[in-house]
Amino acid sequence: MNNNAMEVQATTDKQGIQTMTIGALVGVLALMAYLFIGSRNETLEVQKLLTLKVEQFAATQTKLDSISGVLDAKITEVRQLGGSVAELERIKRQLETDKKRLKSDLSFSSQQYTLKIRDYQNFLAQNELTLRKLRTENGSLAERALSLEQEKESILVENQGLKHDKEVLARAVVDYSLQNADLKDKVTLASALKAVNIEVTAVASNGRERRDSPYRASRIDRLKVAFILPTNPLAVQNNKDIYLRILDANGAVVSESGIGGILFTDGREIGYSMRQTVPYENNDQRVAMLFRRGNPYKPGIYTVELYAEGFRIGDSRFEVR
């Protein structure tokens, strides 16, 4: 082969190699372009999916917050109307649990929460019917209360008229009573009993009596109060209730359960230690009253008072040490 032929062959081989190289590069570039475009499309799909998930998550959270606000409002209203909030509070606790779970739910499912939200909305719809009934009942009660208040005002007006008439009548009675009060008081005082020569004796458990005060508390089983009811020509001869009132050093009434009580005298009520009915004979008769107390007497000076027919008829003292 001559030199020219060899040069032509070399040139042809060189061009072939360049063509193959260019083809390979074009193929690589085409593959890279395909992979890039595919990767970009996949990334866009992922972004769309993530965007959708975020929107669904936000919408779900907003709906749950809205339902929570409605529940709070219903609980407040039902309490004001006096109804039971137990079921509302149970649903509220369940809702708060779902809200907490949503914040950490890595496998968030819009469909799952859509069902929960539907259940909550159904519950609120049912509860609204109950709430309307409660509102109606409270409205009826309010109307009834208003009606009663109006009736009360009417009665008060009528009572004012009756009160005026009563006051007029009372003044007439008072005027009449004042005309006779002085004479009545004089007659009453004149006919009142008197208790004289009052003696307070300490009676021991063996029946022994001690008349010299002061007495030892440990030796007082009973107190004997003896006195004389003098003759009074104006006093009525009948059964007289004599009230014995024993006061300790502090002025408190000494009493025993089931024995003492309350008597009315000088326009006021006072306590007494014991009562004894005495057939009044109007002959300077002597009367003795025995009083037993379960608790021991405290040291101090005691006062003994006797009452009959609304008057104090006598008093005395003794000392305990």
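Side chains included, hydrogens not; waters and symmetry mates left out as well; all remaining heavy atoms used. Here the structure is a predicted model, which means the values were calculated and not measured.
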Not counting sequence neighbours, which residues clear ring-ring contact (aromatic ring centres under 6.0 Å, His included) with Y215? List them please.
-> none

For K133, which residues count as a salt bridge (charged side-chain N to carboxylate O under 4.0 Å, His left out) partner, sequence neighbours excluded?
-> none

Step through the shown structure and confirm whether more than 12 heavy atoms of other residues, nucleotides or ligands are within 6.0 Å of NZ on K92.
-> yes

With I242, which of F227, Y307, Y280 fulfils side chain to side chain contact (heavy atoms under 4.5 Å, CB included)?
-> F227

Just by distance, with hydrogens left out, do T277 and N239 show a side-chain donor and acceptor under 3.5 Å apart?
-> no

Identify, with sequence neighbours excluded, every residue that meets salt bridge (charged side-chain N to carboxylate O under 4.0 Å, His left out) alongside R286.
-> E199

Before accepting this row, confirm whether a basic side-chain N of the pair E128/R132 lies closer than 4.0 Å to the acidic partner's carboxylate O.
-> yes

How far does OH of Y113 sit from CD of Q61, to the nearest 0.5 angstrom?
-> 10.5 Å

Under 3.5 Å, is there a donor-acceptor pair between the side chain of E77 and the main chain of A73?
-> no

Which donor-acceptor pairs under 3.5 Å do side chains of residues 293-300 form with protein atoms, sequence neighbours excluded?
none

Crowded around N238 CG? As in, over 12 foreign heavy atoms under 6.0 Å?
-> yes

Any side-chain donor paired with an acceptor under 3.5 Å for E256 and S273?
-> no

For the pair E89 and K74, find out whether any cationic side-chain nitrogen is under 4.0 Å from an anionic carboxylate oxygen.
-> no

Going by the ring pair (Phe, Tyr, Trp, His ring centres under 6.0 Å) test, which pairs reach into residues 246-277, not counting sequence neighbours?
-> Y243-Y272

Output the rest of the hydrophobic cluster of V196: all Ile, Leu, Val, Met, Phe, Trp and Tyr residues reachable through side-chain heavy-atom contacts under 4.5 Å, sorted by chain and number.
-> I228

